[in-house]
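A note on names: the letters A, B, ... follow the listed sequences, proteins ahead of strands, and every chain is numbered from 1. For clarity, every value in this text was computed on a predicted model and none was experimentally measured.
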Amino acid sequence: MNVTLPTTPLGWILSAAVLVGALPMLVSTIGHVLASLHSLRDHNDRADPDHRPRIAVLVPAWNEAAVLVTSIERMMALDYPTDRLRLFVVDDASTDGTPQIVQEAARRYPGRVVHLRRDQGGQGKAHTLNHGLEHVLADDWAQAVLITDADVVFTPTSIGQLSRHLADPDVGAVMGFIREASDPPHWLSRYVGYEYATAQLSMRRAQNVVGVQGCLAGGAQLLSRANLEAIGGRIDTATLAEDTVTTMQTQIHGRSVVFDPHAECWAEEPASLVALWKQRLRWARGNLQVSKRFRSVFFRPSRQHHLGNVWFGLTWFSTLYLPAFMIGASAALVTLWFVDHGPALISFQLYWGLSALLFVFGTVFVLLLDGRIARQSWAAAVTFPGLLNLLVLAVVVAPVPMDELAGTVLPPLGVTWDDEAREIAVLLAYLWTSLAMLAGWLVYRLDRVRGVRKLVPALVVLVGIGPVLCAVTVAAYLAEARGAAITWDKTEKTGRVRTS
Amino acid sequence: MSSEAVEHDGAGTAARELLARDHRVERHLIWKGLVAAAVTVALALARQLWWT
């Protein structure tokens, strides 16, 4: 096929718009490169392995009977001085067996497990945490507060691995790695496990390197008392992303946030696409709210913090506006197809060719980061963009063999593989970048229909979990645009988590 | 040395070894990045040499 450069200003503008679509992948790849340099800036040189502050563990619990027994027992068995760790379960007016479980634990571990109860519940995690914080900060026992979730199970050494960083008074908060650990693993948990490896093990290492973190892990964040008091002693209740607000406030007040990938804990993640959609919609809406609230800190240098770092800002906004990048690239390609045919093809090849190489680099690097995730989730990693996107990538990377393959496979199926068919295939590939998100939304809708639900895992493999997550972001834009109510939707958990 | 002190000293040694081990893991990441880069370059070369 012949390729030519754009011949008109519009052709150049549209070609540039296509290439801008690759920016999120490029920014993410820079993140992986930064992560590989983590040993240069991993804060271990300023950590004191013997530092053991008195820690109040806050566990918000709203009807968590299914998961609390395991997490409390594991917390009591941690490799941390027993006189320096107290567990406060903030029972958010639960109506199941939560109060009885916590009271029984308080009897078994006197002074180490405390049951706090709110009379009126259901307002959300932030309100529940604030009830606990009021109690914990009322006396001077606690030197640090660990905020976690009822279903999170900490590995024995993890609290010590977190607390060692608080020896540095410049550090306001430390977070650990939350490993997806649904037991038994299911098709969706494998995707989430791989996604967590990318977002946490790679991207948060990269953020350590540039000295700024975007979001504390909701289930594994250790905050120094000094930091908590500096940011007002309360957790934000005005947005759906209270962890992100805490992260921003900590850094704006001049303290750093550190990620320790070796401080590991296990958690169960949603088992259905509908549950995942609900959780991610809350996260995406929260991030939109936070972006609006803290818009003045991005891309602006400050002596207090590094939130203005250019790579960090690009990462933040390319994630937030990923659907816009994809739709923009797709729309530009389709327009080019009509107005400047040759440049459309070269832009398409550059965009997808670059995406293919960056996809390979990112996937190989992330799988190398964690052997357990690689063994369990390698297929999810490969199919993360979906088989249809992989087909487009394969056509761009290996055009001649793929053309020969199409010429062999399609005619017996009654499809003539000629130049006209090639043109139609190219146009469909141009459109697919946008259509994939629509397809992702349709798969989510199918997960709500009894009878066809069984097809959902296969359809996700075909369409890709990536496009589904992009569709969630679009849904978040729409929810924010129409001013949908800010309500807390709890993610249902079963309590079946691997603990080794 | 009291048993409590021995216990504390043992815990301290373990914590220091853990920190050293964790830092060692971080130093190996650069090799993982290089392996990923090598695979990517190999793919790009294969495309240019044989598949176009």
* Asked: Are B:T40 and A:V364 close enough, and set up right, to give a side-chain contact (heavy atoms from CB on, under 4.5 Å), and what steps lead you there?
  -> CA-CA 9 Å; B:T40 308; A:V364 172; 6.0 Å; no
* Step by step, work out the side-chain contact (heavy atoms from CB on, under 4.5 Å) result for B:R16 and A:D50. => CA-CA 7 Å; B:R16 281 188 290 278; A:D50 294 325; 2.7 Å; yes
* Check the pair B:E26, A:N44 against side chain to side chain donor-acceptor pair (under 3.5 Å), reporting the backbone distance first and the verdict last. => CA-CA 10 Å; B:E26 297 309 302; A:N44 285 339; over 6 Å; no
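At a 4.5 Å heavy-atom cutoff, the contact between A:L37 and chain B is made by side-chain atoms alone. Using a 4.5 Å cut-off between heavy atoms, B:R21 touches chain A through its side chain atoms alone. For chain B, the nearby parts of A:V397 are the backbone and the side chain; heavy atoms of each come within less than 4.5 Å. Contact of A:P81 with chain B is not made at all, since no heavy-atom distance falls under 4.5 Å. Using a 4.5 Å cut-off between heavy atoms, A:L369 touches chain B through backbone and side chain atoms alike.
For A:F365, the ring-ring contact (aromatic ring centres under 6.0 Å, His included) partners at least two apart in sequence or on another chain are A:H32.
For a heavy-atom cut-off of 4.5 Å, chain B lies close to no residue in residues 373-382 of chain A. The interface of residues 201-208 of chain A with chain B, defined by heavy-atom distances below 4.5 Å, comprises A:R205.
Checking side-chain atoms of B:R47 against main-chain N and O of A:V396 turns up a donor-acceptor pair under 3.5 Å.
Separation of atoms OG (A:S39) and CZ (B:R24) is listed at 13.0 Å; rounding is to 0.5 Å. From A:T157, atom OG1 reaches atom CG of B:L19 across 11.5 Å, with rounding to the nearest 0.5 Å.
Under the salt bridge (Lys or Arg N to Asp or Glu O under 4.0 Å) criterion, no residue pair touches residues 349-361 of chain A, with sequence neighbours excluded.
Closest heavy-atom contact between A:L368 and B:K32: O-NZ, 3.0 Å. In terms of heavy atoms, A:P49 sits closest to B:A15 at O-CB, 3.3 Å.
A salt bridge links B:D22 and A:R164; the closest N-O separation between the charged side-chain nitrogens and carboxylate oxygens is under 4.0 Å.
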